[in-house]
There are 2 protein chains.
Amino acid sequence: MSLTNGRKSILDVFLSSKTALTHQDIESKCSNQFDRVTIYRTLQTFIDKGLIHTIPSTDSNIRYALCNEACLGSGHHHDNHVHFKCERCGDTICLDEVTVPVVKLPSGYSLREINMVVSGTCRSCKK
Amino acid sequence: MSLTNGRKSILDVFLSSKTALTHQDIESKCSNQFDRVTIYRTLQTFIDKGLIHTIPSTDSNIRYALCNEACLGSGHHHDNHVHFKCERCGDTICLDEVTVPVVKLPSGYSLREINMVVSGTCRSCKK
DNA sequence: TCAAATATGCAACTTTGTTGCAAAATACTT
DNA sequence: AAGTATTTTGCAACAAAGTTGCATATTTGA
């Protein structure tokens with residue numbers, strides 16, 4: 001994977017952000033220095049390489065966040081932490097210390113990945 | 001809430017579908033009889049009235065499904081079942097019989113809703 | 001049946017995401 | 001370090017998704 005300015009900047013943006021980011025967030029945090037298309041492609045590349053993961057949402061605003069060690073470890077990629085979306089400030093964060101509980105599916109179903117998004121009020125907003 | 005043809009048809013589409021539906025699905029199942037805008041507005045109305053709920057996803061394809069009794073009961077709306085997305089056929093369904101397990105959040109966070117989406121292979125695809 | 005309230009369709013628009021292609025940047029070879 | 005092959009980028013053009021205002025049509029309720 002080539003190390004380009006765009007990729008370095010986008011990675012920096014992730015490294016310096018405590019919250020998960022939308023495409024739009026990234027675009028503006030890069031001061032619109034890069035083409036939209038480049039950002040789309042870079043995000044896809046980062047996902048393919050296992051650097052970031054996507055966080056599902058109901059507002060058609062997919063968010064991306066850096067993967068941590070647990071995420072990358074043990075052969076194949078596996079996101080096993082809970083995501084939290086604050087309804088007040090709108091921020092989404094990875095709760096790395098909260099593990100997704102196992103669920104038992106009805107017979108006949110096979111499980112590959114579990115995604116859990118909790119919404120409520122975050123620490124800073126609750127104060 | 002007025003009982004209009006559009007609303008009746010869209011409700012029928014949901015009643016006769018075993019899977020969750022995207023906006024697009026609904027549009028074509030109604031044989032494009034209704035304007036896109038009408039469908040957007042009807043879906044929003046159904047959500048507001050607690051008739052349907054949204055299922056988060058990472059593919060910017062929000063899906064909608066009917067709420068069941070559990071979903072509607074006890075004062076305020078609360079979706080507490082697991083959603084399953086089959087990676088082979090692409091269908092998303094509500095696993096009404098699988099309850100979302102409780103998670104303990106770090107102190108300072110308050111929880112309002114949990115959304116769990118499991119992906120893997122469904123019963124019919126596994127056969 | 002009629003008036004008030006509500007819902008619909010249309011047009012126009014914004015935002016989001018995709019694709020092909022030429023130019024630019026990066027990596028690789030010697 | 002130079003030159004070539006490979007990869008990445010930006011641009012243009014497009015497709016799809018979602019929103020808003022407004023006039024018309026449909027429902028509701030008196």
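Letters A, B, ... are given to chains in the order of the sequence lines, protein chains preceding strands, and every chain is numbered from 1.
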Q.
For B:Ile39, run the side-chain contact (heavy atoms from CB on, under 4.5 Å) check against B:Glu27, B:Gln44, B:Gln33 and tell me which one passes.
A. B:Glu27

(Q) Are A:Ile55 and A:Leu43 connected into the same hydrophobic cluster when the rule is that any two of I, L, V, M, F, W, Y join if their side-chain heavy atoms are below 4.5 Å apart? (A) no

Q. Nearest heavy-atom pair of B:His23 and B:Tyr64: which atoms, and what distance?
A. N-CE1, 4.2 Å

Q: May I have the distance from A:Arg7 (atom CZ) to D:dG10 (atom P), rounded to whole angstrom?
A: 11 Å

Q) Starting at CD of B:Gln24 and ending at P of D:dA15, how long is that distance when rounded to a whole Å? A) 15 Å

**Q.** Side-chain heavy-atom pair B:Asn68, B:His81 within 4.5 angstrom cut-off
**A.** yes

Q: Please state how far atom CG in B:Asp25 lies from atom C1' in D:dA16, giving the value in whole angstrom units.
A: 15 Å

Q. Okay, side chain of B:Thr42, backbone of B:Thr38: is any donor-acceptor separation there less than 3.5 Å?
A. yes

Q. Applying the 4.5 Å side-chain criterion to the ILVMFWY set and letting contacts propagate, would B:Val13 and B:Ile62 be lumped into a single cluster?
A. yes

Q. Going 5' to 3' on DNA chain C, which nucleotide is the first and which the last to come under 4.0 Å of a heavy atom in chain A?
A. C:dT16 to C:dA27

Q) B:Glu27 has an atom CD; how far is it from atom P of D:dA17, in whole Å? A) 8 Å

Q | Nearest heavy atoms of B:Met116 and A:Ile114, plus distance in Å | A | CE-CG2, 3.2 Å

Q: State whether a side-chain donor-acceptor pair under 3.5 Å links A:Thr22 with A:Asp25.
A: yes

Q: Output the distance between atom CD1 (B:Ile26) and atom CD1 (B:Ile52), rounded to the nearest 0.5 Å.
A: 6.5 Å

**Q.** Nearest-angstrom distance from the residue atom NZ of A:Lys49 to P of D:dT7
**A.** 10 Å

Q. Would B:Val118 end up clustered with B:Val103 when hydrophobic side chains under 4.5 Å apart are linked, directly or stepwise?
A. yes

Q. Within this structure, what is the CG-to-P distance between A:Asp59 and D:dG18, rounded to whole angstrom?
A. 11 Å

Q. Atom CD1 of A:Ile62 to atom P of D:dA17: distance rounded to whole Å?
A. 13 Å

Q: For DNA chain C, find the residues of residues 33-46 of chain A with a heavy-atom distance under 4.0 Å and give them by number; none if there aren't any.
A: A:Arg36, A:Val37, A:Tyr40, A:Arg41

Q. Cluster question for you: counting only ILVMFWY and a side-chain heavy-atom cut-off of under 4.5 Å, with indirect links fine, are B:Leu111 and A:Val117 together?
A. no

Q. According to the Watson-Crick and G-U wobble definition with distances under 3.5 Å, which dot-bracket string, read 5' to 3', encodes DNA chain C, using [ ] for crossing pairs and | for pairs with another strand?
A. ||||||||||||||||||||||||||||||

Q) Roughly how many Å is it from CG in B:Asn61 to P in D:dA15, rounded to a whole number? A) 19 Å

